[in-house]
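Letters A, B, ... mirror the listed sequences (proteins, then strands); counts begin at 1. None of these values were measured; they are calculated from a predicted model.
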Amino acid sequence: MGKRLNIIPQKCTGCRQCELACAWVQTGTFQPSHSLVRVSIFDEEASYAPHTCLQCDEAWCMNACPVNAIAIDPETGAKCVISSLCIGCNLCTLTCPFGTVFSMPQGNKAAKCDLCGGQPACVASCPTDAIQLLDTDQTGRWFADWAEHVHFQHVAATADIRQGDR
Amino acid sequence: MAGWTGKLLRVNLTSGSTRIESIPDAWNRDFLGARGVAARYLIQEMNPAADPLDPENRLIFATGPLTGTPVPCAARYMVVTKGAQTGAITTSNSGGHWGPELKLAGYDLLIVEGKAAKPVYLLIYDDFVQLRDASNIWGQGVFDTEDWLRRHLAIPDIRVASIGPAGEKLVRFASIMNDKHRAAGRSGVGAVMGSKNLKAIAVRGTGRIDVANPEAFMKAVWEIRGEMQANPTRKMFSDLGTPATMDFTQAHGGLPAYNFRQGQFEHFDNLNGTAIRQQRLVANKACYACTVACGRVTRLNEAADKYLVNMHRRNWKNATEGPEYETAWSLGADVGVDDLDAVIKAHWLCNDLGMDPISMGATIAAAMELYERGVITDQDVELPLVFGSAQALIRMTEATAYREGFGNVLAEGSKRMGDSFGHPEVFMGTKGQEFPAYDPRAFQGMGVAYATSNRGACHLRAWTCGAETTTMDPHTPIGKGPWVADEQHRTTAHDNTGVCSFAGATGGTTDLLVPCVAAITGHDFSYDDFLMIGQRTWNVERLFNLRAGLTRADDSLPDRLLNEAHTSGPAAGVTVDLNTMLAAYYEHRGWTPEGIPTKQKLAELGIDDL
């Protein structure tokens, strides 16, 4: 069964409890700069939203790794960095389209979200349930809504273009 | 060292030098952090009688042992200095993300001294500390300043504390704003920063906060989170924000209106939490590690364009924060304005221009009273200052920050303005600082809390209204003095930890913070230690004020509160019996009837060397 983090930006209040919880798992101290989930600033909306690894099916980081140091956790489907194999080439951090693979200052190894082995600390720490752990089946339904939305936008946009042609 | 970083950063603007020092461990033990340790430094380092705007004055930014940790609402830092508005020690508290960032950069305290020859800003990136030219941002608003710094430095995660035009122009109640909308608001800390020619402090910290006893600490944190999650007040603050308080004060006749001449505001339901939520709210916003998220993000629509009376160009389209309860009162009820959009605009102006909205609204209200009585005439002002005029409110707010026209008079605050017109009675405040939004005639305890607050009238040094209306008679002075003193100790200790006061009001009470501090620092603190720390801090602040020239006469309230009762509402017929409460208060504190701490008391607190 694959698992993924579903982030609902509208619920996020920007408190960064997720960053603290993640850093606590990574380092045993409170060091948000080592967190693998980062809360981004959207100043014009005076709002914030967290983002982290989406656990892509076709994971670019995994394909890019020259030493196969990124492997799939059979329990959760998460893509995990095997630290002992990582040579610190940073290819994965460059290829990730979402910027959610990080290079850690100590030892220059790559680090990314591994879903904490199925019990993500960020999910537990979020006071507003803005980060949820979903089964992939449900994610499919969530994306179906989105796909429908995109489809209608697309139809409307192409209709406009055709009208412009005439 | 765990909890505290044990280091302070000292920046001398006159010489341009920076130095890292260590903080004596004994001071951390005795004062816990934030407000306490900073007060200890301030009284030692500067002459309390010096002018607040003199380079001699120190500007101290201080975090507590819990700042930056996941304890709910552990986002606070304190600005401690001699206040430009009050001439007394001030301790202005602010949230957001700036305080934790300073701590993560590795410093408990930042002490700024001297005065720069030309405008500068301070960049702190962990160990890298540099003073840089600020001529590009001098004169700009807080929002533009932060945007420019983030772009110019190309550090997306940088956090900025800055002053707006009000601070540069030395408006007496200018504030220091961080993360655009969070304010170390009161007592004129922004004017002190402006007098030092320091425009902004940009901080990025990639360091860490160590924990002495991790298991016990996380257990204590989750206990507080559990308490707060179940707390009904927490839920109310999350839903409606601080403006929810307006229904409560209105119900008790303690919502001052028209410069404290009424105890209730007839249009309060245009400005309360429900109205904001229904009309203009976009989202909740939290400070660092906050599980309450009382911040109100609001956006105006085209209907609000009717109030485009400002003379300086401004983008009104972006979503911004506000209003809070205090601003909904000061820029609403106190000046008689009942239009929410006008209040929101005035609040945004205060944020962007870097001013304390409480003092701004209260000063305009005092001016409106003088206008109504014919003392201020149309020759003095550019537009009529009548109660309820949204145009006057918005334009005067802007004019004050730039000291344009009559704004130059308002910029001195209502005490100095009242004195200059020969009508000191319109000043509603203590020690030169205007009252916040609780009428002491409805809550007697607030009377003695305002009068004795070391930083001038303040509702956060002891907030008595809740307990007074549930477990006591709010109209009796009996027993209030000693109780307020104890509340002040507790609140001070709470402030010193670096946790927001609202955590205390929403389930994360001070006694629950004790195990957190004990676990993170590894020192065996008890609740009694906390009360002692609060008392010690309070007495140090008091000593500073006495040396600054303040006396018992400054622990006073205006005649309006002492002699003129409301004629209607639940608090009708009640005046504040300050003398009864004050005598009991001094006695309980172990001070002389003149309000001076005795040698014996200082020895008991271990600060007789001061």
NZ (B/Lys235) with more than 12 external heavy atoms under 6.0 Å
no
Is it the side chain or the backbone of B/Met228 that comes within 4.5 Å of chain A heavy atoms, both, or neither?
neither
Please classify the contact between A/Cys18 and chain B as side chain, backbone, both or neither, with a heavy-atom cut-off of under 4.5 Å.
neither
So which part of B/Pro156 gets closer than 4.5 Å to some heavy atom of chain A, the side chain, the backbone, both or neither?
backbone
Within the supplied structure, the quantity of interest is the number of heavy atoms (other residues, nucleotides, ligands) at a distance under 6.0 Å from A/Gln119 CD; does it exceed 12?
no
Quick one, A/Ser33 and B/Leu104 - any side-chain contact, counting heavy atoms below 4.5 Å?
no
Are more than 12 heavy atoms from other residues, nucleotides or ligands located less than 6.0 Å from atom CH2 of A/Trp60?
no
Is there a donor-acceptor pair closer than 3.5 Å between any side-chain N or O of B/Arg225 and the backbone N or O of A/Ser125?
yes
Working to the nearest 0.5 angstrom, can you tell me the gap between A/Gln31 CD and B/Asp210 CG?
9.0 Å
Among the options A/Thr27, A/Thr29, A/Thr128, pick out the one with the most heavy-atom pairs lying under 4.5 Å from chain B.
A/Thr29
Is the shortest heavy-atom distance from the side chain of B/Lys103 to the side chain of A/Phe30 under 4.5 Å?
no
Which answer fits B/Phe143, side chain, backbone, both or neither, if we ask what part of it has an atom under 4.5 Å from a heavy atom of chain A?
neither
Is it true that, when you exclude B/Arg208 itself, more than 12 heavy atoms of the residues, nucleotides or ligands shown sit nearer than 6.0 Å to its CZ?
no
If you measure from NZ on B/Lys180 to CD1 on A/Ile41, what distance do you get to the nearest 0.5 Å?
9.0 Å
